[in-house]
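Since the structure comes first, as structure tokens, the remarks are kept for the end.
Excluded from the calculations below are hydrogen atoms, water molecules and symmetry mates; all remaining heavy atoms, backbone and side chain alike, are included.
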Amino acid sequence: MPTPDFILELRAHIGHAPLWMIGITAVVIRDDEVLLIERADNGAWTPVTGIVEPGENPADTAVREVAEEAGVVAVPRRLAWVHVTDPVVHANGDHAQYLDHVFRMDWVSGDPHPADDECSAAGWYSLDALPELSERMRLRIKAALEAGPETRFDQAPKP
């Protein structure tokens with residue numbers, strides 16, 4: 001389901017008012033390739049993204065979302081970047097802003113495919129030949145690929 005039940009319940013009370021959300025971006029790497037999905041709602045190519053459920057560890061969310069959306073098993077290796085996204089207005093009029101956790105993840109098994117209705121395509125893409133991506137998604141991939149164990153704690157530059 002694209003929108004978790006707990007959010008639908010909140011929206012029943014607050015309508016389209018701004019909602020602060022905890023999100024993840026899972027940058028899954030296999031050799032010199034990155035896992036990307038084509039979002040069903042807007043056709044954008046992105047790493048797997050998702051919303052942390054109440055009580056869920058963000059790293060567990062990343063593992064779950066990769067399996068649910070792309071049918072791939074991956075393990076988190078490093079929290080690469082924690083940042084606040086710009087406010088967004090979703091196609092249905094809902095306003096939100098996300099505290100995003102970007103994880104560097106390693107592929108374990110599985111062939112990417114659209115495993116749910118949130119994406120229309122999924123596949124491995126050479127880091128040297130990525131499809132068209134937004135600047136904010138390129139920044140997330142770059143952060144995940146940076147060497148070192150440190151987590152970056154800053155706000156993304158405005159694309």
Q) Are Trp81 and Phe103 close enough that their ring centers fall under 6.0 Å? A) no
Q: In plain terms, say whether Arg138 and Glu135 are close enough for a salt bridge, that is, a side-chain N and a carboxylate O under 4.0 Å apart.
A: no
(Q) Using 0.5 Å steps for rounding, measure from the OG1 atom of Thr151 to the CZ atom of Arg78. (A) 6.5 Å
**Q.** Distance in Å, Lys142 NZ paired with Leu145 CG, rounded so as to fall on 0.5 Å steps
**A.** 10.5 Å
(Q) For Asp106 and Arg30: C-alpha separation, side-chain torsions, deciding distance, then whether salt bridge (Lys or Arg N to Asp or Glu O under 4.0 Å) applies. (A) CA-CA 6 Å; Asp106 290 340; Arg30 181 184 76 174; over 6 Å; no
Q | Glu38: side chain to side chain donor-acceptor pair (under 3.5 Å) partners, not counting sequence neighbours | A | Ser120
(Q) With a 6.0 Å cut-off (strictly less than), is the heavy-atom count around CG of Asp32, excluding the residue itself, greater than 12? (A) no
Q. Is there a side-chain contact between Leu19 and Ile14 (heavy atoms, below 4.5 Å)?
A. yes
Q) Does the side chain of Val63 reach to within under 4.5 Å of the side chain of Val75, using non-hydrogen atoms? A) no
(Q) Same cluster or not: Val73 versus Val28, using hydrophobic residues (I, L, V, M, F, W, Y) connected whenever any side-chain heavy atoms lie under 4.5 Å apart? (A) no
Q: Any side-chain hydrogen bond (donor to acceptor under 3.5 Å, both in side chains) involving residues 9-22? Give me the pairs, sequence neighbours left out, ordered by first then second residue.
A: Arg11-Asp94, His16-Asp94
Q | Listed once per pair and sorted, the side-chain hydrogen bond (donor to acceptor under 3.5 Å, both in side chains) pairs that draw on residues 57-76, sequence neighbours left out | A | Glu56-Thr61, Glu56-Arg64, Arg64-Glu68
(Q) For the CD atom of Glu146 and the CD1 atom of Ile141, what is their distance to the nearest 0.5 Å? (A) 12.5 Å
Q) Can you tell if the side chain of Gln97 reaches within under 4.5 Å of the side chain of Thr85, non-hydrogen atoms only? A) yes
**Q.** Nearest heavy atoms of Pro58 and Val52, plus distance in Å
**A.** CA-CG2, 4.1 Å
Q: Would you confirm whether His101, through its side chain, and Gly23, through its main-chain N or O, come within 3.5 Å as a donor-acceptor pair?
A: yes
Q | Residues Met21, Ile7; criterion side chain to side chain contact (heavy atoms under 4.5 Å, CB included); working and verdict | A | CA-CA 9 Å; Met21 309 270 264; Ile7 293 172; 2.9 Å; yes
Q.
Tell me which one of Leu36, Thr49, Leu130 satisfies side chain to side chain contact (heavy atoms under 4.5 Å, CB included) with Met137.
A. Thr49
Q. Between Val102 and Ala144, what is the shortest heavy-atom contact and its length?
A. CG1-CB, 4.5 Å
Q) Within a radius of less than 6.0 Å around CG of Asp111, do more than 12 heavy atoms belonging to other residues, nucleotides or ligands occur? A) no
**Q.** Gap separating the CE atom of Met105 from the CD1 atom of Ile29, nearest 0.5 angstrom
**A.** 11.0 Å
Q. At what distance, to the nearest 0.5 angstrom, does CD of Glu132 lie from CH2 of Trp45?
A. 12.0 Å
Q.
Run Val66 and Leu35 through side chain to side chain contact (heavy atoms under 4.5 Å, CB included) and show every step you take.
A. CA-CA 9 Å; Val66 169; Leu35 173 65; 4.1 Å; yes
(Q) Please find the pair of heavy atoms, one from Val88 and one from Tyr98, that lie closest to each other, and give the distance. (A) CG2-CE1, 3.8 Å
Q) Looking at Pro114 and Cys119, what are the two nearest heavy atoms and their distance? A) CB-O, 3.4 Å
Q: Give the minimum heavy-atom separation between Trp107 and Val72, together with the two atoms involved.
A: CD1-CG1, 3.5 Å
Q: Search all heavy atoms of Glu53 against all heavy atoms of Pro4 and return the closest pair with its distance.
A: OE2-CB, 3.5 Å
Q. To the nearest 0.5 Å, how far apart are CD1 in Ile51 and CD1 in Ile22?
A. 10.5 Å
Q: Go through the steps for Ile37 and Thr46 under the test side chain to side chain contact (heavy atoms under 4.5 Å, CB included), then give the verdict.
A: CA-CA 6 Å; Ile37 63 160; Thr46 71; 3.8 Å; yes
Q) So, Asp100 and Arg140, do they make that salt bridge, N to O below 4.0 Å? A) yes
